[in-house]
Number of protein chains: 2
Amino acid sequence: MPTTLADIAAELGVSKMTVSRTINNHPAIHPNTRERVLTVARHMNYRPNQHARALSTNRAHLLGLVVPDLMHSYYAEIAKAIEAEARAAGYEVLICNTEEDAASELREVEALLHRTDGLIIASAVAPNQPGAYRRLLREGSKLVLIDRSIEGLKCPQVTTDNVAAGALVTEHFIKLGHRRIGHLRGTNVSVAHDRWEGYRQALTQHGLAYDETLVRACGFFESGGYSAMRDWLKDGNHPTAIFAANDPAAIGAMRALAEAKLNVPRDIAVAGMGAIHYGDLLSVPLTTVDWDKTELGRQAAKLLIGLIETKEQKRDADRRVIVPPQLVIRQSCGAKAT
Amino acid sequence: MPTTLADIAAELGVSKMTVSRTINNHPAIHPNTRERVLTVARHMNYRPNQHARALSTNRAHLLGLVVPDLMHSYYAEIAKAIEAEARAAGYEVLICNTEEDAASELREVEALLHRTDGLIIASAVAPNQPGAYRRLLREGSKLVLIDRSIEGLKCPQVTTDNVAAGALVTEHFIKLGHRRIGHLRGTNVSVAHDRWEGYRQALTQHGLAYDETLVRACGFFESGGYSAMRDWLKDGNHPTAIFAANDPAAIGAMRALAEAKLNVPRDIAVAGMGAIHYGDLLSVPLTTVDWDKTELGRQAAKLLIGLIETKEQKRDADRRVIVPPQLVIRQSCGAKAT
DNA sequence: AATTTACTTGTTACCGGTAACGCTGTCAAT
DNA sequence: ATTGACAGCGTTACCGGTAACAAGTAAATT
């Protein structure tokens with residue numbers, strides 16, 4: 001059985017409170033006492049019981065992180081940054097992988113809320129369904145949305161500018177001379193909508209008509225990009241350039257193209273989004289849009305910890321943080337070397 | 001304030017215990033009562049306080065996972081498998097990233113042990129320093145080692161056969177006609193030792209002398225592989241084939257080779273280990289050794305949960321699980337297409 | 001009818017901490 | 001000498017659950 005405060009107190013003939021105060025660096029403790037307590041605590045190998053502490057203080061020093069795909073280096077990088085930031089502030093991080101499933105996400109979120117002090121969520125929930133999260137926020141849960149936003153939610157949200165990101169890619173294709181630019185859309189979440197919006201804006205701005213037949217859904221996984229592209233090739237009438245929902249989808253699309261013996265970028269140009277790890281080392285280095293994922297994670301962690309540790313609702317309560325997106329030109333788009 | 005058992009009990013005019021028993025599916029509850037309790041619980045949006053429960057039962061339903069590099073798809077895949085397995089058994093997973101730093105690993109492990117029911121560790125601690133973990137085990141901590149083993153520790157360990165894996169790669173190079181096969185070694189952990197051992201065994205078995213000058217340390221990160229290879233090229237007298245500590249290191253080495261305008265595999269053949277995600281899509285697809293990481297994670301989670309949930313020390317207490325390694329031949333080794 | 005048995009519910013204490021308040025003793029100010 | 005302030009430490013109650021035991025009631029047995 002591990003040592004408790006009471007054990008130390010008994011050993012020294014003082015009260016539990018004295019020991020507790022010492023452990024928590026309370027000022028009203030005599031240096032001599034402090035010394036004696038700390039010595040015995042160390043000697044008895046004392047470690048505070050976090051559950052008891054959490055029960056008492058209603059503070060677990062635990063953050064929850066909910067991501068749709070831990071295997072995607074994008075979220076792994078975010079997770080790593082959050083973990084580092086949290087640890088520095090004395091928090092641990094509980095990670096939950098949802099595989100883009102909104103239903104299981106909501107179930108997990110409910111479970112996590114009751115053992116953590118707050119959650120950082122990259123949500124798979126449709127942005128026009130803020131109901132569940134609105135209720136949680138009303139009940140006082142501390143939430144921060146990361147990567148994907150949900151409108152009308154009074155909580156901090158940390159994202160990139162996905163409209164700009166989508167426009168960046170589309171514009172780049174236009175400048176390279178493409179006129180039939182296709183878009184593989186993600187699922188029904190903000191980033192997919194925004195990237196699609198950016199795509200349309202760029203087309204319009206450059207005098208190109210938006211053509212519905214050039215947009216297909218593919219989700220955010222490689223498998224989705226692969227099957228969407230394969231079907232498109234089978235159906236015929238495919239575009240000369242593909243802007244995919246994200247890098248895994250782009251890689252899936254390129255796999256379908258390779259199988260069809262089509263050359264990227266000569267036959268079809270491809271670009272993704274999110275700057276996956278090793279995207280530069282692929283057989284056809286992937287043109288994409290990058291933004292500072294570490295910053296994303298760091299900001300989210302900071303905001304959440306701020307929400308937790310400040311009593312009054314500060315102006316951070318529904319702060320929006322936007323990290324700027326940046327076009328990364330590599331070979332898959334067919335641009336001459338930069 | 002969230003609803004508690006007492007709130008529900010008061011609402012219904014029953015005791016807390018009746019509510020508690022209902023929530024925990026205790027059999028001795030009248031169906032009518034159960035129904036009434038559950039209805040009110042749902043209506044009042046009740047969620048059990050996990051800290052209180054943990055304090056009472058000394059069971060947190062939380063597992064800790066300690067990995068050296070979350071950005072490495074290898075560990076992300078393991079983490080994902082563990083998380084799925086744990087969730088299915090009613091556990092959540094707390095993830096800690098150590099960046100291969102043994103000191104911070106031990107610090108974190110201490111902290112995690114007091115809020116989890118047990119840990120799964122891919123340890124960066126040297127295998128001949130089992131002291132810290134031996135003490136924890138003696139104190140009754142539930143530990144399972146994954147990926148990397150530490151000898152003489154009475155806890156389950158789940159790994160692949162790294163000696164065989166190292167031999168597989170080395171033998172493959174030998175069969176391709178290489179005589180000067182170099183090895184980039186990882187850090188001072190079991191897998192690095194074992195892969196090195198397999199390398200030496202294969203050399204000896206095929207009548208090749210082990211040459212110390214053909215082995216250099218590079219750690220387990222891409223950066224280490226890069227700088228080790230770059231230095232080697234600068235120093236001259238490099239081998240015709242490189243067996244790297246793991247896939248990131250192999251990728252780093254290939255980057256150094258590319259910078260030196262050397263062709264892989266024509267000028268130097270390369271192989272890694274661990275089958276990183278997208279290793280097949282690199283500009284030079286990476287020859288590597290693969291094993292079932294999902295199985296690795298699943299087994300580790302099962303064993304840990306077994307340790308936690310069974311009272312007596314079962315024979316699982318120091319079970320070894322070995323998943324078989326398998327050579328994956330791609331282009332970086334220079335073999336003709338398979 | 002008396003006793004046993006099974007089923008259902010309640011009581012009490014405790015898990016290991018912490019908050020809030022109270023008590024004692026010392027020392028400076030009046 | 002009295003008072004007040006303050007430092008240092010203790011008491012009590014409570015956080016929200018659960019284990020262990022007790023007890024009441026209805027059905028079954030003798």
Side-chain angles (χ1 to χ4, degrees), chain A residues 1-38 40-41 44-62 90 111 113-117 139-140 309 311, chain B residues 1-38 40-41 44-62 90 111 113-117 139-140 309 311:
Chain A
M1 271 298 100
T3 313
T4 70
L5 284 187
D7 298 336
I8 299 177
E11 182 75 19
L12 284 163
V14 299
S15 77
K16 278 174 26 175
M17 273 318 292
T18 301
V19 182
S20 172
R21 284 196 259 255
T22 304
I23 301 297
N24 292 298
N25 290 316
H26 190 96
I29 289 288
H30 193 92
N32 288 346
T33 315
R34 169 184 308 279
E35 197 55 39
R36 293 199 308 144
V37 170
L38 288 180
V40 173
M44 295 179 78
N45 219 332
Y46 173 75
R47 286 282 148 188
N49 181 320
Q50 300 296 342
H51 303 298
R53 205 203 285 256
L55 181 57
S56 229
T57 59
N58 205 22
R59 203 55 70 72
H61 287 273
L62 241 185
L113 271 174
H114 291 268
R115 43 164 94 236
T116 61
D117 297 330
E139 288 173 4
E309 295 187 348
K311 315 216 177 304
Chain B
M1 270 299 100
T3 313
T4 70
L5 285 186
D7 298 337
I8 299 176
E11 182 75 20
L12 284 164
V14 299
S15 76
K16 276 173 30 172
M17 271 320 290
T18 302
V19 182
S20 171
R21 284 197 258 256
T22 305
I23 301 297
N24 293 296
N25 289 316
H26 191 96
I29 289 287
H30 192 94
N32 289 346
T33 315
R34 168 185 308 279
E35 198 55 40
R36 292 199 310 143
V37 171
L38 288 180
V40 173
M44 295 179 79
N45 219 332
Y46 172 74
R47 287 281 147 188
N49 181 319
Q50 301 295 341
H51 303 297
R53 203 200 284 253
L55 181 58
S56 231
T57 60
N58 204 24
R59 201 57 69 72
H61 287 274
L62 241 187
L113 271 174
H114 292 267
R115 43 163 93 238
T116 61
D117 297 330
E139 288 172 4
E309 295 187 348
K311 314 218 178 302

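On a predicted model such as this, the values are computed, not experimentally measured, just so you know. Quick note on labels: first sequence line is chain A, next is B, and so on, each numbered from 1.
- Nucleic acid contact for B:Ser15: base, since at least one base atom lies under 4.0 Å from a heavy atom of the residue.
- Taking atom CG of residue A:Leu5 and atom C1' of nucleotide D:dG10, one finds them 14 Å apart after rounding to whole Å.
- Using a 4.0 Å heavy-atom distance criterion, A:Asn24 is classed as a sugar-phosphate-only contact.
- In this view, A:Ala54 and A:Ala60, B:His51 satisfy the side chain to side chain contact (heavy atoms under 4.5 Å, CB included) rule, not counting sequence neighbours.
- Along DNA chain C, the nucleotide nearest B:Val14 and the nucleotide nearest B:Leu55 are compared for position; the residue whose nucleotide lies closer to the 5' end is B:Val14.
- Sequence order on DNA chain D of the closest nucleotides to A:Ala52 and A:Arg21 puts A:Arg21 first from the 5' end.
- Remark: A:Gln50 CD to B:Thr116 OG1 distance equals 10.5 Å, nearest 0.5 Å.
- Every side chain to side chain contact (heavy atoms under 4.5 Å, CB included) that B:Arg34 has, sequence neighbours left out, goes to B:Thr22, B:Asn25, B:Ile29, B:Leu38.
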- Item | side chain to side chain contact (heavy atoms under 4.5 Å, CB included) between B:Leu55 and A:Arg53, worked out | CA-CA 9 Å; B:Leu55 181 58; A:Arg53 205 203 285 256; over 6 Å; no

Protein N or O to nucleotides 23-27 of chain D N or O, pairs below 3.5 Å:
none

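- Take the nearest nucleotide of DNA chain C for B:Gly13 and for B:Thr57: the residue whose nucleotide is more 5' is B:Gly13.
- Between B:Arg36 and B:Val14, some side-chain heavy-atom pair lies under the 4.5 Å cut-off.
- Bracketed by its first and final contacts, the part of DNA chain C lying under 4.0 Å from non-hydrogen atoms of chain B reaches from C:dT8 to C:dG16 in 5' to 3' order.
- Counting all heavy atoms, side chain and backbone alike, B:Met44 lies closest to B:Thr3 at O-OG1, 2.7 Å.
- Summarising the geometry, atom CD1 belonging to A:Ile8 is positioned 5.5 Å from atom CD1 belonging to A:Ile23; distances are rounded to the nearest 0.5 Å.
- Considering NZ of A:Lys16 and CG of A:Asp7, their distance stands at 10.5 Å, rounded to 0.5 Å.
- Note that CE of A:Met17 is 9.0 Å distant from CG of A:Leu5, once rounded to the nearest 0.5 Å.
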Atom pairs, protein N/O to nucleotides 6-8 of chain D N/O, distance under 3.5 Å:
none

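- Residues that satisfy the side chain to side chain contact (heavy atoms under 4.5 Å, CB included) test with B:Glu35, not counting sequence neighbours, are B:Thr39.
- Residues B:Val40 and B:Tyr46 form no side-chain contact, since every pair of their non-hydrogen atoms from C-beta on lies 4.5 Å or further apart.
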